[in-house]
Protein chains: 2
Amino acid sequence: MFGNRERESPDRRVRRTRRAIRQALVDLILIKGYEAVTVTDLINRADVGRSTFYAHFADKEEVLFSSLDELAELLRLVPATRSGTLLSFSLPLFQHLHEQRRLARALLGRRGAAVVRLRGEQIMAAVVRDELMAALPSEIPPPASLDMIVTCVTGAFMALMRRWADGELVATPAEMDAAFRAVVIPGLDAILTTRRSHPM
Amino acid sequence: MFGNRERESPDRRVRRTRRAIRQALVDLILIKGYEAVTVTDLINRADVGRSTFYAHFADKEEVLFSSLDELAELLRLVPATRSGTLLSFSLPLFQHLHEQRRLARALLGRRGAAVVRLRGEQIMAAVVRDELMAALPSEIPPPASLDMIVTCVTGAFMALMRRWADGELVATPAEMDAAFRAVVIPGLDAILTTRRSHPM
DNA sequence: CTTTTTTCGGGACACGCTGTTCAGTTATGA
DNA sequence: TCATAACTGAACAGCGTGTCCCGAAAAAAG
């Protein structure tokens, strides 16, 4: 009916419909949580016909992924700061999420879908891994525990984001960033500079 | 029909039935993931009548919580080592999960239920928080960022457990513990000994 | 402005899962 | 042995899903 990439759909009706459905999902997630949202809920709130919904999305998960692209676009705006500082994405990311709280909470918060957090974790893990590899002096082989270290860092950051998005943690982006760095940076520094003193 | 505490049920049929259903849930989670498991699946695999199921559990989530008690029992076996070492629960917990891999994977792994991980995170957060408070010199007031620090530590540990349970990380309990400590202990030490040099 | 194409609306449908009920059968503990 | 409690199996209404169809409305093309 239309290609996978419907960016700038020629038809205004299509854009209107898709936007309404995506917005309805975000609203409903914040109201009752992702799991509890039904397709019937979506078409009622978006005020579109049932057949119209299925003309655009296969199921509610596809709406989720569609909304996810919005977030991904935000992340693409985060400058790929290679300023020598470890985990430099932290502060800008917190700032961006702060500006888009509503969306961030719906997608990353407790009431959001587990699959979103899982995907976010994977993306972030790749970034962290690359940073650590780059920061590692080349004469030192990457430790066998690299995956574990990356998991620790990613897990800590994701947990911070989730609780912050949910309002369980009240802090400014700068404070979030400071706490995150205070916990993980000393450990990472030690790991990156140690010459295999402790076998991992 | 019977009280909440059916420990040591007098009737063998009750124990048999409940055990079969709980086991069926664990099996099915490992096969198709928690979300995809239906009550119909459970009664087929456990080979019990539909009405029998609902005589024991309100829904599949209640079966999950019932199985959760098994895990909680395991955790209660983890010695509350107050040996002065920070986060001393780490190694024994990894060891216990290693011995009960199958159950741990079903409950903590990616295919498990998000609510289980959430609950585990809360329990662990309370433990970590207490440890940090105890380790904090009394003349130093708890930092405002204590919640964030606890979240980091807990998030890191939970992420390690999940990926390990899923087989995405291959390591011995000792190696898991070492990686975890290598990342978070230096940061915690610095935070616990610093006299408010950086305002948090 | 007309014609053609595309999308939308809303009802109807089969399907699968849920949770309840009930009458009849089987196992258990005393 | 016997009263009691648990189990079986089937039926049932309710709800959500995903599909189909056709007439109406909007957009694009001519």
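Just so it is clear: chains get the letters A, B, ... in the order the sequence lines come, proteins before strands, and each one is counted from 1. Reckoned from all heavy atoms, side chains included, excluding hydrogens, waters and symmetry mates.
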| task | Taking salt bridge (Lys or Arg N to Asp or Glu O under 4.0 Å) as the test, write out the residues that go with R181(B), two or more places apart. | result | D177(B)
| task | Give a yes/no answer on whether the side chain of H56(B) brings an N or O atom under 4.0 Å of OP1 or OP2 in dA6(D). | result | no
| said: Does K60(B) qualify as a cation-pi partner of F53(B), given the criterion of NZ or CZ under 6.0 Å from the six-membered ring centre and within 45 degrees of its axis? | reply: no
| request: Mind calculating the distance between CZ (F53(A)) and P (dG16(D)) to the nearest angstrom? | output: 14 Å
| said: Check this for me, if you would: do D147(B) and R129(B) make a salt bridge, where the nitrogen-to-carboxylate-oxygen distance has to be below 4.0 angstrom? | reply: yes
| task | Please tell me if the side chains of M124(A) and F157(A) come closer than 4.5 Å, counting only heavy atoms from C-beta onward. | result | yes
| field | B/S/- contact track for nucleotides 9-16 of chain C, protein heavy atom under 4.0 Å | value | BB------
| query | Does a nitrogen or oxygen in the side chain of Y54(B) sit under 4.0 Å from OP1 or OP2 of dT20(C)? | reply | no
| remark: Rounded to whole Å, CZ of R16(B) lies from P of dC7(D) at a distance of 10 Å
| query | Is L87(B) reachable from V150(B) through a run of I, L, V, M, F, W or Y residues, each pair having side-chain heavy atoms under 4.5 Å apart? | reply | yes
Between the protein and nucleotides 24-28 of chain D, which nitrogen or oxygen pairs are less than 3.5 angstrom apart?
residue, atom, partner, partner atom, Å
dA26(D), N3, R13(A), NH1, 3.2
dA27(D), OP1, R12(A), NH1, 3.1
dA28(D), OP1, P10(A), O, 2.7

| request: State yes or no: do V39(A) and F65(A) share one hydrophobic cluster built from I, L, V, M, F, W and Y residues joined by side-chain heavy-atom distances below 4.5 Å, directly or via other members? | output: yes
| query | Can you check whether R102(A) reaches L30(A) side chain to side chain, under 4.5 Å on heavy atoms? | reply | yes
| field | Partners passing salt bridge (Lys or Arg N to Asp or Glu O under 4.0 Å) against E168(A) (at least two apart in sequence or in another chain) | value | R110(A), R162(A), R163(A)
| field | Centroid-centroid under 6.0 Å between F94(A) and F89(A) rings | value | no
| said: Could you check whether any side-chain heavy atom of L93(B) comes within less than 4.5 Å of a side-chain heavy atom of P173(B), counting everything from C-beta outward? | reply: no
| message | Contact list please: residues 23-43 of chain B against DNA chain C, heavy atoms, distance less than 4.0 Å, in numerical order. | response | T38(B), V39(B), T40(B)
| field | Value in whole Å for how far the P atom of dT7(C) lies from CZ of R15(A) | value | 13 Å
| said: Test of understanding: with side chain to side chain contact (heavy atoms under 4.5 Å, CB included), list the residues that count as partners of N44(A), not counting sequence neighbours. | reply: T40(A)
